[in-house]
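Chain naming here is simple, since letters A, B, ... match the order of the sequence lines and numbering starts at 1 in each. As a basis for the values below, the full set of heavy atoms in this structure was taken, side chains included, without hydrogen atoms, waters or symmetry mates.
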There are 2 protein chains.
Amino acid sequence: MIDETLYIPLHIQLSKSLEEKIKTHEYVERIPSERELMDMYNVSRTTVREAVTKLVNDGWLIKVHGKGTYVNQRPPIQEWLSSLNSFTETVRRMGMIPSSKLLTSKKLVADEQHISVLKNEVYMIERLRYADGKPVAIEQHYYPISIGKRLAEFNLDQETIYDLLENELGIMLDEAEQFITTTVIEEHLAKFLEIPKGSNVLLVERTIIDSKGNVIEYYIGKYRPDMYTFRVKTKRNITKK
Amino acid sequence: MIDETLYIPLHIQLSKSLEEKIKTHEYVERIPSERELMDMYNVSRTTVREAVTKLVNDGWLIKVHGKGTYVNQRPPIQEWLSSLNSFTETVRRMGMIPSSKLLTSKKLVADEQHISVLKNEVYMIERLRYADGKPVAIEQHYYPISIGKRLAEFNLDQETIYDLLENELGIMLDEAEQFITTTVIEEHLAKFLEIPKGSNVLLVERTIIDSKGNVIEYYIGKYRPDMYTFRVKTKRNITKK
DNA sequence: CAGTGGTCTAGACCACACT
DNA sequence: GTGTGGTCTAGACCACTGG
């Protein structure tokens, strides 16, 4: 059930296992108690609780003191957002022709706070993105050296990075967290986007982790607001509290 | 520092204490290490980690393996986009106190293109929103006359509109589509938000429908980007390829 | 190397829900 | 009372960062 020999943390393996059983309806109403899970997986209670807590935070489970841990009957949204489906797909869906220009591709030291969620050294790929030949966004991807070096071997003017990661490098993206806000564009980037200096852009910041819990990518995208907006479809959450 | 005699769990007390010190800028860049916190508060490492984990999940802190735990420099209010949340809920979740000032409440003719997803005549409610007494957003809600008239009978300085809709008017919100972009704030609104004229704000445009598919609300919100950010967590579906 | 967060164990007692 | 989740301890070892 759980493989000790893998270098994947037990609580992550357990968490994935439970999530799988929820999705396949093996667990429909309730999951086993924490002490039962300890025995089933031969792990400590702390490890069980860590795994369960993750699923509670993600909306899969609901804990009830004194009774048990229940499967949330209103499961969370689990689709990749279109913005993550790659710029390429999004632009194509709008009936426009996407293209790219590689600006930078180099190794550097992660000093900034957010970037340092990755290792000390990172590989940075910077691309200018077009729709129908008009500049729309500047994207910076930061990768662990090992991944970045391999990505750099491909023609990044042409390829979709997420396709490369999954299909060529065999890295399964698992979870991503994104922040959307706005900021003033840096002067040297303004001319690439063909907007006046001092203009505001939409800022997207993203961290992607793989199924082992490792950070795979840190990303910053700056989008021209006159060319790009984010669209989100949401449902009202009935979860009381 | 921590009162053992209270019925409040230690990890909650610790969590609140840290959150307080972040908000008052006692901790600006980094918080003490986990082992330091153990000594400072006379608790076990597990308890420290539980408290810290909560603050990481809530967006206050960022952990970096081998280096330390850092204060997140992003705007203090983070709205989860996975479900439809009200301003009130979002602000409360961040441990701040929400309040409102009603600016406008009147019937008008829907001439603009977007508003006319509603009927010809609409009811508009405009509110200035605060978190801990600081202005954060200006929200305009547009409703069909029948709904708007009834809403206007309540004290909109106090109430949560979505609560009123659901609990008092018996209208169940179901789905919403949101667009997020950025724009320059109008001059007459800048002073309400206490920002320089010409500043940029985050712009949210939203249409809500009920379970029958009727348009219930059209909404425009303008948010101060130094106070508010949008957060999205997306997950790969294991069952699908 | 020392210091940091990451993982994990074994065990204890408390608070709550149900019978 | 029994079983559940909630809280907490003390201690161990690993992995990473940085001097």
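Closest approach to the A/Thr46 side chain among C/dG6, D/dG5, C/dT9 is made by C/dT9 (side chain taken as heavy atoms from C-beta onward). The A/Arg49 side chain lies nearest to D/dG5 when the options are C/dT9, C/dT4, D/dG5. The side chain of B/Arg30 approaches C/dT4 more closely than any other nucleotide in the set C/dG6, D/dC8, C/dT4. In the set C/dC13, D/dG18, C/dG5, the nucleotide with an atom closest to the side chain of B/Lys67 is D/dG18. Each of C/dT9, C/dC8, D/dG5 was ranked by its minimum atom distance to the side chain of A/His11; first place goes to C/dC8. Side-chain proximity of A/Arg35 to the nucleotides C/dC13, D/dC8, C/dT9 is greatest for C/dC13.
Between B/Thr69 and C/dT4 there is no side-chain N or O to OP1 or OP2 distance below 4.0 Å. Phosphate proximity of D/dA10 to B/Ser44: absent, as no side-chain N or O sits under 4.0 Å from OP1 or OP2. For B/His65, no side-chain nitrogen or oxygen approaches OP1 or OP2 of D/dT17 to under 4.0 Å. Contact annotation: A/Lys63 reaches the phosphate of D/dG6 (side-chain N/O to OP1 or OP2, under 4.0 Å). Side-chain N/O atoms of B/Thr47 include none lying less than 4.0 angstrom from OP1 or OP2 on D/dT7.
Using a 30° and 60° split on the angle between ring planes, A/Tyr162 and A/His141 fall in the perpendicular class, above 60°.
No more than 12 heavy atoms of other residues, nucleotides or ligands shown are found within 6.0 angstrom of NZ on B/Lys16.
Counting all heavy atoms, side chain and backbone alike, A/Ala137 lies closest to A/Leu193 at N-CD2, 3.6 Å. The minimum heavy-atom distance linking B/Lys67 with B/Arg30 is given by the pair O-NH1, 3.1 Å.
Atoms CD1 (B/Ile8) and P (D/dC8) sit 11 Å apart, rounded to a whole Å. For the pair A/Glu36 CD and D/dG5 C1', the interatomic distance rounds to 13 Å; values are reported in whole Å. Counting to the nearest Å, the P atom of C/dT4 and the CE atom of B/Met38 are 12 Å from each other. B/Leu61 places its CG atom 16 Å from the P atom of C/dT4, with the value rounded to the nearest Å. The separation between A/Glu50 atom CD and C/dT9 atom P is 10 Å, rounded to whole Å. The separation between A/Glu29 atom CD and D/dT4 atom C1' is 15 Å, rounded to whole Å. At whole-Å resolution of the value, OH in A/Tyr41 and P in C/dC8 are 14 Å apart. Whole-Å rounding puts the A/Leu10 CG to D/dA15 P distance at 13 Å.
A/Val64 comes within contact range of the sugar-phosphate backbone alone, with a heavy-atom separation under 4.0 Å but no base atom that close.
Under the rule for a side chain to side chain donor-acceptor pair (under 3.5 Å), the partners of A/Tyr123 that lie at least two apart in sequence or sit in another chain are A/Ser105.
When each of A/Arg150, A/Lys149, A/Glu217 is tested with A/Tyr143 by the rule side-chain hydrogen bond (donor to acceptor under 3.5 Å, both in side chains), just one qualifies, namely A/Glu217.
Residues B/Arg45 and A/Glu34 both approach DNA chain D. Their nearest nucleotides, taken by heavy-atom distance, put A/Glu34 toward the 5′ side.
A/Tyr218 and A/Glu205 share a side-chain donor-acceptor pair at under 3.5 Å.
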For this session: Toss me the dot-bracket line for DNA chain C: Watson-Crick and G-U wobble, both under 3.5 Å, 5' to 3', using | for pairs to another strand and [ ] for crossers.
Result: ||||||||||||||||||.
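For A/Phe230 and B/Phe230, the ring centers sit 6.0 Å or farther from each other.
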